[in-house]
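Residue numbers start at 1 and run along the sequence shown. Counting starts at 1 for both ligands and their atoms, following the listed order.
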Amino acid sequence: MSARWLALSGGVGGAKLVLGLADTLPDPRRLTVVANTGDDFEHFGLTICPDLDTLMYTLAGVANPATGWGRADDTGTFMQALARLGGETWFHLGDADLATHVERTRRLGAGESLTAVTRALSARFGIAAEILPMSDAPVRTVIVSNDQVMAFQHYFVRERCEPVVRAIRFEGAAQAKPAPDVLARLADPDLAGVVIAPSNPLISIDPILGVPGLKAAIAKAGRPVVAVSPIVGGEALKGPTAKMLHELGAEASVVGIARHYRGLLDGLVIDPVDAAATGAIEALGPAVHIAPTVMRTLDDKRTLARAVVGFARTLTRRKD
Ligand code: FO1
């Protein structure tokens, strides 16, 4: 049987590498993707899990290529009708996408765990890789700005990431446990490595690592942990990562990423434009691999995925 790989991922940016991994590993069924659920929220009485949705749609080949989230060729009848009635339209739910949230909410209401629901929906989409929520318990990312405290989607979508971020909280994290299947995959002797996708470390990866017991389980697995930097040449590949790092007093650079993940990484993959930072990163602990990290085409995703896996295979887990 081929080796097992486990990836930690947020939505749009991370899903690109995850697609590359699913497309190049010998058996995509041996890939487990642990998704951030800190972005989840309740809207119109529905439980919306944006990163789980984005990972599912991307791996199923039905994601909207223009936005990265939502479904390709979706229609907007529901939103148009809602606007006509004066309803809330700041969060766009396409007609086909709406079905995902309705069915997820129904299953959760019937007592299924988020893991079970995600498994069922993934099967319906014909996805071979395993997508797991980081926890079955609700964890909600909250943004603290100068004079307000906002639910994550209010900050991200409604306010377009404009408010200055002073602190980020993960409500419910202290009471949450890692989803049981996440712990089982990390304990699998066939696990070859852990990949941290190029997602925003502050709002996509930190909520996962903030679930009590998850970091310890990664350490106990004793397998190499490799991240792909979401920062290239001081800019975020996608979204507000650089802005948020600045606002929280961190450096928006590959060195800043290495510092953020200090103690966790055995390797960091950086883009050739950042090659000069290699020494500074290695002084912090992780080995560096240089490879093009900007993924525009499916080929880019596949090439980077192969480079990440190849690099991880050369590493051994650092001693904590
Ligand atoms: N992102 C937006 O910027 N605007 C939207 O209207 C929006 C709707 C949406 C609906 C379903 C879904 O699964 C994701 C959606 N996203 C939208 C993306 C989402 O907000 C993600 O949390 C962010 O992209 C961060 O990962």
J.: Here's a test for you: under side chain to side chain donor-acceptor pair (under 3.5 Å), which of Arg29, Arg119, Arg30 qualifies with Glu130?
T.: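 Per the side chain to side chain donor-acceptor pair (under 3.5 Å) rule, the option paired with Glu130 is Arg119, out of Arg29, Arg119, Arg30.
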
J.: Step by step, would you call Arg71 with Asp97 a salt bridge (charged side-chain N to carboxylate O under 4.0 Å, His left out)?
T.: CA-CA 6 Å; Arg71 294 188 53 165; Asp97 182 34; over 6 Å; no

J.: I need the atoms of ligand 1 closer than 4.0 Å to a non-hydrogen atom of Val157, numbered in the order shown.
T.: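 The atoms of ligand 1 under 4.0 Å from a heavy atom of Val157 are 1 (N), 2 (C), 3 (O), 4 (N), 5 (C), 6 (O), 20 (O).
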
J.: Minimum distance, heavy atoms only, to atom 12 (C) of ligand 1: which one of Leu93, Thr67, Leu98, Asp53 is it?
T.: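 Going through Leu93, Thr67, Leu98, Asp53 one by one, Asp53 has the nearest heavy atom to atom 12 (C) of ligand 1.
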
J.: If the threshold is 4.0 Å, N to carboxylate O, is there a salt bridge linking Arg4 and Asp190?
T.: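 Looking at Arg4 and Asp190, the cut-off is not met.
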
J.: My understanding is that we take every heavy atom of each candidate and find the minimum distance to atom 4 (N) of ligand 1. Doing that for Phe91, Phe156, Trp90, Trp69, which one comes out nearest?
T.: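 Among Phe91, Phe156, Trp90, Trp69, the closest heavy atom to atom 4 (N) of ligand 1 comes from Trp69.
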
J.: To the nearest 0.1 Å, how far is atom 6 (O) of ligand 1 from its closest protein heavy atom, and which atom is that?
T.: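 Going atom by atom, the protein heavy atom closest to atom 6 (O) of ligand 1 ends up being His92 N, 2.8 Å.
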
J.: Centre-to-centre under 6.0 Å for Tyr57 and Phe125, is that the case here?
T.: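 Centroid separation for Tyr57 and Phe125: below 6.0 Å.
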
J.: Taking the basic N atoms (NZ, or NE/NH1/NH2) and the acidic carboxylate oxygens, is any pair closer than 4.0 Å for Arg140 and Glu42?
T.: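 Salt bridge flag = yes for Glu42 with Arg140.
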
J.: At the 4.0 Å heavy-atom cut-off, does Asp97 count as touching ligand 1?
T.: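 Contact present.
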
J.: Nearest to atom 25 (C) of ligand 1, what protein heavy atom do you find, and at what distance?
T.: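 The answer is Asp39 OD2, 3.4 Å.
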
J.: So which bit of Ile203 gets within less than 4.0 Å of ligand 1, heavy atoms only: side chain, backbone, both or neither?
T.: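 The answer is neither.
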
J.: Considering only the protein, which heavy-atom contact is closest to atom 19 (C) of ligand 1, and what is its distance?
T.: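 Nearest protein contact, heavy atoms only, for atom 19 (C) of ligand 1 is Pro50 CB, 3.7 Å.
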
J.: Any salt bridge between Arg166 and Glu247, counting N to O under 4.0 Å?
T.: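 Judged by the 4.0 Å cut-off on N to carboxylate O distance, Arg166 and Glu247 do not form a salt bridge.
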
J.: Are any of the N/O atoms on Asp51, whether in the backbone or the side chain, positioned under 3.5 angstrom from an N/O atom of ligand 1?
T.: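 Yes, Asp51 has an N/O under 3.5 Å of an N/O on ligand 1.
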
J.: Against heavy atoms of Gln153, which atoms of ligand 1 measure under 4.0 Å?
T.: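 Close to Gln153: 19 (C), 20 (O), 22 (O).
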
J.: Can you list the steps and then say if Asp300 with Lys16 is a salt bridge (charged side-chain N to carboxylate O under 4.0 Å, His left out)?
T.: CA-CA 9 Å; Asp300 295 341; Lys16 292 184 180 185; over 6 Å; no

